[in-house]
Amino acid sequence: MNNKEVINLYIEDRQDTLEWSGDDVEIEILDEVVTFILNDIKQKYQTDLLTLRDQENQYYEIDQIVEFKRPHTYITIPQRHDVKTLAKNELRTNRNIYTIKKDSVLLDKYKEASKVESIEYQITAIKKANQKYVDTLIGIFDDLVIQPKKRNSIKNEIAKPIQFQNEPESPKFGQSPKESVSPSWILRKSLSDSSKKNDLKQFTIDEVAKHNTINSAWIVINSKVYDVTKYLNKHPGGQEELMKGVGTDATPLFMQNHPWVNAHYLLEQFQVGFLINHK
């Protein structure tokens with residue numbers, strides 16, 4: 001391949017390598033393939049919490065990895081101490097090499113130095129797989145919202161003190177993720193839900209800070225204010241993890257743990273307003 005470019009993703013002893021010619025492949029296709037790989041990793045480790053960093057411990061979103069063509073990205077899972085990914089560029093035991101073309105992707109799987117399998121995917125199939133993954137998450141989320149568990153058991157609970165992890169912040173924190181369209185979810189909303197946008201208000205960070213308990217939990221992500229009280233027990237990472245950002249502008253924390261997720265896509269119906277006087 002002329003003008004060959006490479007992106008490597010590492011988690012534990014697994015290495016996923018994307019190879020392509022810069023003249024033939026659009027960024028949108030690279031984004032789909034990286035998303036396809038990360039979805040596979042999330043399913044294998046049964047989590048939706050992945051952290052993407054470079055060798056200098058800087059955090060990245062999916063689109064930043066592709067746009068900046070980061071050659072080496074290390075994937076970890078917050079709170080999973082059993083999953084260890086060393087920031088080294090050495091070859092891993094299990095390697096997946098994705099040779100990307102305009103309309104297709106050839107996946108060669110290696111164990112040590114031996115090729116064990118080759119699979120060819122059409123780009124359209126990868127896009128469908130990515131959409132199916134999103135639709136599955138939305139379906140789970142909708143079920144939880146439509147048929148929420150009774151919250152009587154929460155009344156007597158005492159929130160435990162939360163300690164923020166002492167991790168270096170990236171200068172890329174606070175950048176807004178790409179907005180994605182969610183037609184399947186939007187179409188399911190009633191007219192009364194869509195008219196809710198007219199009721200959204202403006203809040204200062206001091207007003208948001210007053211809602212910092214399990215009985216009234218507000219959170220700010222990308223200058224949007226959400227009342228996530230009913231979502232606390234539904235958060236895949238647990239109530240305690242979500243409580244870390246309650247009452248604050250949690251954009252940096254969100255970008256640290258969910259850099260590839262469109263928050264508004266999942267929390268739109270919980271939005272109560274916008275943050276003002278926000279730098």
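Considering every non-hydrogen atom in both Pro78 and Leu49, the closest pair reads CD-O, 3.5 Å. For the residue pair Val246 and His211, the shortest heavy atom distance occurs at CG1-O, 3.3 Å. The two residues Leu200 and Gly273 make their nearest non-hydrogen contact at CD2-N, 3.7 Å. Minimum interatomic distance between Val66 and Ile27 (heavy atoms only, all atoms of both residues): CG1-O, 3.8 Å. Between Asp227 and Ala217, the shortest heavy-atom distance links the atoms OD1-O, 3.2 Å. Considering every non-hydrogen atom in both Arg14 and Asn96, the closest pair reads NE-ND2, 3.7 Å.
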| Between Asp16 and Ile41, is a side chain to side chain contact (heavy atoms under 4.5 Å, CB included) present by the stated rule, with each step listed? | CA-CA 10 Å; Asp16 291 272; Ile41 291 173; 4.3 Å; yes

| task | For the pair Gln55 and Asn89, evaluate side chain to side chain contact (heavy atoms under 4.5 Å, CB included) and give the outcome as yes or no after the intermediate values. | result | CA-CA 9 Å; Gln55 204 163 16; Asn89 299 340; 3.8 Å; yes

| task | Test Lys109 against Ile119 for side chain to side chain contact (heavy atoms under 4.5 Å, CB included), laying out the working first. | result | CA-CA 8 Å; Lys109 296 186 177 183; Ile119 307 172; 4.3 Å; yes

| Are Leu52 and Leu38 close enough, and set up right, to give a side chain to side chain contact (heavy atoms under 4.5 Å, CB included), and what steps lead you there? | CA-CA 10 Å; Leu52 312 178; Leu38 293 179; 4.2 Å; yes

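For the pair Arg53 and Thr73, the minimum side-chain heavy-atom distance is 4.5 Å or more. Contact annotation: the side chain of Leu50 approaches that of Ile77 to within less than 4.5 Å [non-hydrogen atoms, C-beta and beyond]. Counting heavy atoms from C-beta outward, Glu120 and Val105 have side chains that stay 4.5 Å or more apart. Using a 4.5 Å heavy-atom threshold, the side chains of Lys224 and Leu275 count as separate.
Note on Phe68: it clusters hydrophobically with Ile75, by side-chain heavy-atom contacts below 4.5 Å among ILVMFWY residues. Linking ILVMFWY residues whenever their side-chain heavy atoms come closer than 4.5 Å, directly or via other members, leaves Tyr110 and Ile37 in distinct clusters. In the hydrophobic clustering of ILVMFWY residues, with side-chain heavy atoms under 4.5 Å counting as a link, Ile205 and Val225 come out together. Cluster membership check: Leu86 does not share its hydrophobic cluster with Ile11, using side-chain heavy-atom separations under 4.5 Å among Ile, Leu, Val, Met, Phe, Trp and Tyr. Residue Val83 is not grouped with residue Tyr10 when hydrophobic side chains (ILVMFWY) are merged at heavy-atom distances under 4.5 angstrom, including chains of intermediate members.
For Phe36 and Tyr121, the gap between ring centers is short of 6.0 Å.
Between the side chains of Asn3 and Ser21, not a single donor N or O lies within less than 3.5 Å of an accepting N or O. For the residue pair Gln15 / Thr17, a side-chain donor-acceptor distance below 3.5 Å is found, with atom types taken as modelled. For the residue pair Asn8 and Tyr74, no side-chain donor N or O sits within less than 3.5 Å of a side-chain acceptor on the partner. Counted by atom type alone, Thr251 and Asp249 present one or more donor-acceptor pairs between their side chains at under 3.5 Å. Of the N and O atoms on the side chains of Thr213 and Asn215, not one donor lies less than 3.5 Å from an acceptor on the other residue.
Checked against Glu32 for a side-chain contact (heavy atoms from CB on, under 4.5 Å), the options Asn130, Thr124, Ile100 give a single hit: Asn130. With respect to Glu19, the side-chain contact (heavy atoms from CB on, under 4.5 Å) criterion is satisfied by exactly one of Leu106, Ile97, Asp108: Ile97.
Between the side chain of Arg92 and the backbone N or O of Glu90 there is at least one donor-acceptor pair closer than 3.5 Å. Not one N or O on the side chain of Arg70 forms a donor-acceptor pair closer than 3.5 Å with the backbone of Tyr60. No donor-acceptor distance shorter than 3.5 angstrom exists from the side chain of Gln271 to the backbone of Glu268, with no hydrogens or angles considered.
For the atom pair CD1 of Ile219 and CG of Leu242, the computed distance is 5.0 Å after rounding to the nearest 0.5 Å. For the atom pair CD (Glu67) and CG (Asp31), the distance works out to 10.5 Å, reported to the nearest 0.5 Å. Atom NE2 of His72 sits about 10.5 Å away from atom CG of Asp54, to the nearest 0.5 Å. Atom OG1 of Thr35 is separated from atom CD1 of Ile65 by 9.5 Å, given to the nearest 0.5 angstrom. Taking CD of Glu12 as the reference point, atom OG1 of Thr76 lies at 10.5 Å (rounded to 0.5 Å). Distance OH/Tyr98 to CD1/Ile126: 8.0 Å, rounded to 0.5 Å.
No more than 12 heavy atoms of other residues, nucleotides or ligands sit less than 6.0 Å from atom CD of Gln46.
Ion pairing between Glu241 and Lys244 holds under the 4.0 Å rule for side-chain N and carboxylate O.
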